[in-house]
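Only this structure's heavy atoms are used, side chains among them; waters, hydrogens and symmetry mates stay out. Whatever order the structure lists ligands and atoms in, that order sets their numbers, starting from 1. In what follows, residues are counted from 1 in the order of the sequence shown.
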Amino acid sequence: MSDFDVLIIGGGAAGLMCALTAGQRGKRVVVIEHADRCGKKILMSGGGRCNFTNTGVTPAQYLSANPHFCKSALARYTPNDFIEMVERHGIAYHEKELGQLFCDESSKQIVRMLLDECEWAGVRIETGCSVESVGQDDAGFNVRTARGMLKAPSLVVACGGLSIPRMGATGFGYQLARQFGHDVLPTRAGLVPLTLSGTHLERLEDLSGLSLPIEARCGKQSFSNAMLITHRGLSGPAILQISSYWREGDALTINLLPGDDIPPLLSQWQTDRRDAQLQTLLGEVLPKRFAQRLTEHWLPNRPMRQFNSPELDHIARTLAAWPIIASGTEGYRTAEVTLGGVDTDGLSSSTMMSKHVPGLYFIGEVVDVTGWLGGYNFQWAWASGRAAGMAA
Ligand code: FDA
């Protein structure tokens with residue numbers, strides 16, 4: 001039996017941040033990680049360079065049943081706070097686009113930094129250690145592990161979500177939440193490629209690898225960025241972003257010329273390029289093979305002079321809102337995040353502690369707070385980990 005002040009299940013982004021914070025406050029902290037090493041998702045993130053935060057973080061970039069919940073933690077641990085630690089450890093970084101900060105060299109540096117901070121703060125880390133059961137008595141929480149019983153008055157659940165099971169993702173955090181009487185909102189894959197089926201897939205699959213700038217729209221939400229055609233459907237940043245807002249059956253439209261005012265462009269073509277075929281002209285503003293496919297299946301292909309006004313309207317509408325019928329998503333196998341999770345109604349937004357089980361905390365992706373693509377999810381992991389680490 002080993003006694004600690006804070007017991008953390010999950011040595012990912014949120015768990016390590018919580019551990020180093022509580023350790024720095026003089027708490028005796030242990031992290032239980034069932035994988036053979038900590039921070040596997042950090043290692044694979046950002047193409048191996050870890051998009052560790054975003055300089056433009058605001059609560060508006062997070063999805064949650066309660067959009068206000070994330071505000072307090074995000075305000076008290078900002079991107080600048082994390083950048084300060086990155087700089088203190090001499091890690092070189094750069095902004096790629098849209099405020100997204102990446103390591104110049106490797107995401108290994110971020111894991112090293114977190115582990116060094118944990119070591120300096122006296123945190124004990126048990127990797128390759130599985131949890132068999134979690135119980136509670138008057139003195140606190142008892143966690144039975146493959147290496148014996150651990151005991152602490154504070155238990156932090158930082159097990160992450162369901163995405164990428166081969167990296168160690170489990171539903172264990174949700175199971176613990178239910179065990180202690182917390183609601184878990186339905187989970188689904190987010191930041192995930194969309195799949196197509198039937199004629200839609202047949203018309204596009206041989207264009208796999210082709211990428212173009214678009215604006216993807218689902219309901220009121222839209223994202224402008226690249227779309228990539230894959231052999232199963234659609235991916236690329238704009239599609240990953242919109243996937244978090246899309247549910248099966250929802251209409252999804254793509255503006256294929258987001259930078260252009262389409263009706264005036266078509267009028268101009270009708271005046272200046274009267275004899276040119278629509279496909280030729282579209283091939284000047286879109287990838288040629290894509291323009292060809294559009295005019296084979298979605299748009300008529302004739303010389304511009306032959307189109308009447310209703311036909312031009314139809315062409316403009318199709319280019320501005322090309323309808324996509326997604327059959328589903330690639331699921332947790334390739335999703336970057338899990339939407340839904342532990343209901344924030346049962347948690348304190350300033351400490352992440354359970355409202356009805358004192359000493360029990362939930363942080364990171366296991367909680368029903370999910371960020372956009374671009375460093376927002378790590379910032380939530382850091383901020384929520386910090387909030388719990390300051391309180392536990
Ligand atoms: P995380 O998943 O990091 O950690 C949970 C830990 O708990 C894991 O180490 C797991 O092994 C452990 N665990 C699970 N069950 C357990 C059990 N029963 N017992 C013990 N341990 C257990 N975000 C971002 O902001 N920028 C980016 O560049 C990327 N890139 C990216 C790429 C890919 C491929 C993926 C899959 C995800 C991203 N993300 C991202 C998202 C980001 O990785 C994610 O939001 C955070 O890692 C969440 O941090 P957590 O600590 O909550 O979970």
Side-chain angles (χ1 to χ4, degrees), residues 7-19 30-54 57 61-62 79 82 93 96 98-103 107 110-111 114 125-134 143-147 150 155-176 189-193 237 240 244 330 332-339 341-342 352 361-386 388:
L7 222 151
I8 300 171
I9 304 181
L16 292 177
M17 176 56 92
C18 179
V30 61
V31 176
I32 305 162
E33 168 57 56
H34 72 164
D36 57 355
R37 61 196 298 185
C38 286
K40 279 191 169 182
K41 273 198 191 157
I42 303 175
L43 292 175
M44 75 190 295
S45 68
R49 295 228 164 117
C50 187
N51 178 194
F52 55 80
T53 193
N54 191 299
V57 163
Q61 290 115 2
Y62 292 86
F82 194 78
Y93 62 92
K96 197 171 161 197
L98 308 168
Q100 301 167 5
L101 301 190
F102 286 76
C103 298
S107 43
I110 298 294
V111 177
L114 296 169
I125 296 183
E126 295 285 343
T127 51
C129 182
S130 54
V131 175
E132 287 161 6
S133 65
V134 177
V143 176
R144 184 179 295 283
T145 75
R147 297 197 190 129
L150 302 171
L155 175 68
V156 182
V157 181
C159 300
L162 294 167
S163 35
I164 323 270
R166 73 188 153 80
M167 282 292 132
T170 66
F172 190 62
Y174 308 125
Q175 188 185 316
L176 282 179
L191 301 180
V192 63
L240 297 181
S244 294
E330 288 191 5
Y332 296 119
R333 190 179 59 82
T334 59
E336 276 200 17
V337 288
T338 304
L339 292 147
V342 178
M352 305 293 131
Y361 298 78
F362 293 89
I363 57 172
E365 198 177 322
V366 74
V367 178
D368 171 36
V369 174
T370 307
W372 288 3
L373 185 81
Y376 300 98
N377 285 296
F378 278 138
Q379 189 57 37
W380 169 246
W382 315 137
S384 59
R386 166 86 176 181

Visitor: Is ligand 1 under 4.0 Å from a heavy atom in the side chain of Phe52, in the backbone, in both, or in neither?
Guide: neither
Visitor: Give me the residue, atom name and distance of the protein heavy atom closest to atom 29 (C) of ligand 1.
Guide: Ser45 CB, 3.6 Å
Visitor: Using a strict 4.0 Å cut-off to heavy atoms of Tyr376, name the atoms of ligand 1 that fall inside it.
Guide: 25 (O)
Visitor: Give me the residue, atom name and distance of the protein heavy atom closest to atom 11 (O) of ligand 1.
Guide: Glu33 OE2, 2.6 Å
Visitor: Return the residue, atom name and 0.1 Å-rounded distance of the protein heavy atom closest to atom 20 (C) of ligand 1.
Guide: His34 N, 3.3 Å
Visitor: Would you say the side-chain atoms of Asn377 pair up with the backbone N or O of Gly371, donor to acceptor, closer than 3.5 Å?
Guide: yes
Visitor: Is it the case that ligand 1 has an N or O less than 3.5 angstrom from some N or O of Ala335?
Guide: no
Visitor: If you define the side chain from C-beta out and look only at heavy atoms, does anything of Tyr332 sit under 4.5 Å from Val337?
Guide: no
Visitor: Check this for me - ligand 1, Thr170, N or O atoms closer than 3.5 angstrom, yes or no?
Guide: yes
Visitor: As a check for students: among Ile164, Asn51, Asn377, identify the option with a heavy atom nearest to atom 36 (C) of ligand 1.
Guide: Ile164
Visitor: Look at atom 31 (C) of ligand 1 and find which of Glu336, Met44, Lys40 reaches it with the closest heavy atom.
Guide: Glu336
Visitor: Starting from atom 7 (O) of ligand 1, what is the nearest protein heavy atom, named by residue and atom, and what distance separates them?
Guide: Gly10 CA, 3.3 Å
Visitor: Relative to atom 5 (C) of ligand 1, which among Ala14, Ala158, Cys38 owns the nearest non-hydrogen atom?
Guide: Ala158
Visitor: Could you check whether Gln100 and Thr53, counting side-chain N and O atoms only, form a donor-acceptor pair closer than 3.5 Å?
Guide: no
Visitor: Hey, looking at atom 3 (O) of ligand 1, which of Gly190, Ala13, Gly15 has the closest heavy atom?
Guide: Ala13
Visitor: Are any of the heavy atoms in Ser163 under 4.0 Å away from ligand 1?
Guide: no
Visitor: Would you mind checking which non-hydrogen protein atom is closest to atom 53 (O) of ligand 1, with the distance to 0.1 Å?
Guide: Gly160 CA, 3.4 Å
Visitor: Of the protein's non-hydrogen atoms, which lies at the shortest distance from atom 44 (C) of ligand 1, and what is that distance?
Guide: Glu365 OE1, 3.2 Å
Visitor: For atom 4 (O) of ligand 1, what's the nearest protein heavy atom and its distance?
Guide: Gly12 CA, 3.3 Å
Visitor: What residue and heavy atom of the protein are closest to atom 42 (C) of ligand 1, and at what distance?
Guide: Phe378 CE2, 3.6 Å
Visitor: Output all residues satisfying side chain to side chain donor-acceptor pair (under 3.5 Å) with Tyr376, sequence neighbours left out; order by chain, then residue number.
Guide: Asn54
